[in-house]
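Residue numbers start from 1 in every chain, and the chains themselves are labelled A, B, ... in the order their sequence lines are given, proteins ahead of strands. Only a predicted model underlies this, so the values are computations on that prediction, with no experimental measurement involved.
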Protein chains: 2
Amino acid sequence: MAQSFTEENYLKHIYKLSRKSDKGVSTNALAERLETKASSVTDMIKKLAAKKLVDYKKYQGVTLTNKGLKIAVDIIRKHRLWEVFLLEHLGFGGTEVHEVAEELEHINSPELVERLDKFLGYPKYDPHGGPIPDNKGVFPAPARVRLNELETGKKTKVMGIAEHSNAFLAHLKKLGLELGQEFLLKERFDFDHSVEIELNDKTIQLSHDVAKNIFVAY
Amino acid sequence: MAQSFTEENYLKHIYKLSRKSDKGVSTNALAERLETKASSVTDMIKKLAAKKLVDYKKYQGVTLTNKGLKIAVDIIRKHRLWEVFLLEHLGFGGTEVHEVAEELEHINSPELVERLDKFLGYPKYDPHGGPIPDNKGVFPAPARVRLNELETGKKTKVMGIAEHSNAFLAHLKKLGLELGQEFLLKERFDFDHSVEIELNDKTIQLSHDVAKNIFVAY
DNA sequence: ACTGATATTTAGATAAGTCTAAAAATAGAT
DNA sequence: ATCTATTTTTAGACTTATCTAAATATCAGT
Ligand SMILES: [Mn+2]
Ligand SMILES: [Mn+2]
Ligand SMILES: [Mn+2]
Ligand SMILES: [Mn+2]
């Protein structure tokens, strides 16, 4: 039972939006992401729910079932593998790639994906650092990135630090930012590159100096 | 004004069928080729005619306009370039390739095609000998193939001979098969590999021995 | 708890592509 | 020239995906 391009794009974006919070993905958030209308989203969600690819209760947002998750992750795998090919083998520049990958990700041939993966040398990350799940849907150990480089809106986790002074360690401990601590990067302020994060229901600010010395999951 | 996958497939098959004879392509021939119904074909032809991609008069079959021809040839270009990639770089076997190329040929990105062509070293023929048109739609000088290897139903032309005895030359002359002579390969008989061809409104038989010594346009 | 704003769903319409069944045109044979 | 078989077109219906406008539910501030 193969999916249409449209269904696949919905599943992928439900997946991506669901990573930003624990609740179900809202109709409007999906509509904005997919550049379509909320009513169209409702229609499609119903269809996906009928196919058991998402769980859906009216007005309560939508979440992926295991079946839907598997498909979403596979689309991401294909998208990122194609981006590696386009950038590293065809010499594309950074920006043009995404749009083409957006089409190629829907080519339906498991054998093609396996052979492409092998041809590329089984890459674990795409050229932008995005992790590439393997053919069982398992993502590689998360890549590290400095907190000052992470996109806002991402839920992440402290993976390590770049500064090991006692003063810095004490500061982090006081903030509750110990190794493994999960938090949400809410905002970055342009004027001084400070960031606002949310952890354990508290919202706190971190200076650029602090943020750039914290490695977080990408 | 981009075409849908469906429209592109129609244009490609109109092109291929039109090579077999001079008349317009019949509705039934297209329906059979595209594994669809004649009524669906009529609907689509009307749509393509409205877009000026084909010329169409009721009951008179369909032919490509210059605009439609350009698109059809570009699809063939993409199909064959992808087949070169799949066979030579990803290590696909011979049969699985066509189906995947059938999807890839519709990926819409002129830059992708140019870069792929360069990556492949600007091949002139796909691994089955099919000529690959360049980015202006010009096919390379026709490849030669022995007549015993040509697909039936193809219109072709005598390009050369592999046997230069006086006896053979005289035989060909008597049959009317001189260099440059165009003809249609109508049928091949399995039991003795003899072939039936049509030239100048006459139908004649050629033995396997004769056929294998004639090079024809592929 | 009420009320206005916002988010979501429903109702009904449209366009693309397909199908079946019936009507119309063409081609072939007497 | 007429009849018949074949081809092609039309009419009407269905599915998928989309939209606008209207109805309904939820959320937030008082
Ligand atoms: Mn991308
Ligand atoms: Mn896509
Ligand atoms: Mn092919
Ligand atoms: Mn195709």
Side-chain angles (χ1 to χ4, degrees), chain A residues 1-14 17-18 20-63 68 71 75 102-103 105-106 108 201 203, chain B residues 1-14 17-18 20-64 68 71 75 102-103 105-106 108 201:
Chain A
M1 197 210 292
Q3 281 69 43
S4 69
F5 282 26
T6 307
E7 290 171 304
E8 289 183 347
N9 282 332
Y10 269 85
L11 292 172
K12 185 177 74 169
H13 287 290
I14 291 168
L17 289 169
S18 73
K20 299 208 178 181
S21 96
D22 298 329
K23 294 157 206 144
V25 174
S26 77
T27 302
N28 266 2
L30 259 176
E32 189 183 353
R33 192 65 105 79
L34 293 159
E35 297 180 63
T36 185
K37 301 295 171 182
S39 55
S40 303
V41 171
T42 301
D43 287 346
M44 180 57 80
I45 286 172
K46 284 180 181 169
K47 192 180 155 196
L48 294 174
K51 290 186 169 189
K52 310 273 188 197
L53 298 174
V54 299
D55 289 320
Y56 168 60
K57 285 220 176 84
K58 273 187 195 176
Y59 296 101
Q60 303 308 304
V62 67
T63 55
I71 294 166
I75 301 298
E102 205 57 51
E103 290 191 44
E105 69 189 358
H106 305 292
N108 179 26
D201 294 321
T203 295
Chain B
M1 198 208 292
Q3 280 68 43
S4 69
F5 282 28
T6 307
E7 290 170 304
E8 289 182 348
N9 283 331
Y10 270 85
L11 292 173
K12 184 177 74 170
H13 288 289
I14 292 168
L17 288 169
S18 73
K20 298 207 178 178
S21 98
D22 297 328
K23 293 156 206 145
V25 174
S26 77
T27 302
N28 267 2
L30 259 176
E32 190 183 351
R33 192 64 104 78
L34 293 160
E35 297 180 66
T36 186
K37 303 293 171 181
S39 54
S40 303
V41 172
T42 302
D43 288 346
M44 179 58 80
I45 286 172
K46 284 180 182 170
K47 192 181 156 195
L48 294 173
K51 290 186 170 191
K52 311 272 189 198
L53 298 174
V54 299
D55 288 320
Y56 169 61
K57 285 220 176 85
K58 274 187 195 179
Y59 296 99
Q60 303 309 304
V62 68
T63 55
L64 293 172
I71 295 167
I75 300 297
E102 205 55 53
E103 291 192 43
E105 70 189 358
H106 305 292
N108 178 26
D201 293 323

With a 6.0 Å cut-off (strictly less than), is the heavy-atom count around NZ of B/Lys52, excluding the residue itself, greater than 12? no
Let me know the distance between OH of A/Tyr56 and P of D/dA25, rounded to the nearest Å. 13 Å
Among residues 7-14 of chain A, which residues get a heavy atom nearer than 4.0 Å to DNA chain C? none
Nearest whole angstrom, please: distance from the C1' of D/dC19 to the CG of A/Asp43. 10 Å
Atom OH of A/Tyr59 and atom P of D/dA23: how far apart are they, to the nearest Å? 13 Å
Check the distance between D/dC19's P and A/Glu35's CD and give it to me in whole angstrom. 11 Å
I need the CE-P distance between A/Met44 and C/dT9, as an integer number of Å. 15 Å
Of A/Lys58 and A/Ser4, whose nearest nucleotide on DNA chain D comes first from the 5' end? A/Ser4
Under 4.0 angstrom, heavy atoms only, what part of the nucleic acid is A/Lys57 near: base, sugar-phosphate, or nothing? nothing
Look at B/Thr42 and D/dT9 and indicate whether a side-chain polar atom (N or O) is within less than 4.0 Å of OP1 or OP2. yes
Give me the one residue out of B/Leu30, B/Asp55, B/Leu17 that meets side-chain contact (heavy atoms from CB on, under 4.5 Å) with B/Val62. B/Leu30
Nearest-Å distance for atom pair NZ/C1', residues B/Lys37 and C/dC19: 8 Å
Between D/dT16 (P) and A/Lys46 (NZ): distance, integer Å: 15 Å
Any chance you could measure A/Thr27, atom OG1, to A/Met44, atom CE, to the nearest 0.5 Å? 13.5 Å
Earlier contact from the 5' end, DNA chain D, for A/Thr36 and A/Gln60: A/Thr36
More than 12 heavy atoms from other groups under 6.0 Å of NZ on A/Lys58: no
Check the pair B/Thr63 / B/Val54 against side-chain contact (heavy atoms from CB on, under 4.5 Å), numbers first and verdict last. CA-CA 6 Å; B/Thr63 55; B/Val54 299; over 6 Å; no
B/Val25 vs B/His13 side-chain heavy atoms within contact, under 4.5 Å: no
Please report the shortest heavy-atom distance between B/Leu34 and B/Asn9, naming the atom on each side. CD2-O, 4.0 Å
Salt-bridge contact B/Glu102-B/Lys12 (side-chain N to carboxylate O under 4.0 Å): yes
Please confirm whether any donor atom in the side chain of A/Ser39 sits under 3.5 Å from an acceptor in the base of D/dT20, or the reverse. yes
Those residues of residues 23-32 of chain B lying under 4.0 Å from DNA chain D by at least one heavy atom: B/Ser26, B/Thr27, B/Asn28
Give one of base, sugar-phosphate or nothing for B/Phe5, where a contact means two heavy atoms less than 4.0 Å apart. nothing
Let's go through B/Phe5 and B/Tyr10 carefully: what are the C-alpha distance in whole Å and the side-chain angles of both, what is the deciding distance for ring pair (Phe, Tyr, Trp, His ring centres under 6.0 Å) to 0.1 Å, and is it a yes or a no? CA-CA 9 Å; B/Phe5 282 28; B/Tyr10 270 85; over 10 Å; no
Got a sec, which residues hit salt bridge (Lys or Arg N to Asp or Glu O under 4.0 Å) with A/Lys46, two or more places apart in sequence or on another chain? none
Expressed in angstrom and rounded to an integer, what is the separation of A/Ile45 atom CD1 from C/dT9 atom C1'? 10 Å
Looking at every strand, decide which applies to A/Thr6 at a 4.0 Å heavy-atom threshold: base, sugar-phosphate, or nothing. sugar-phosphate
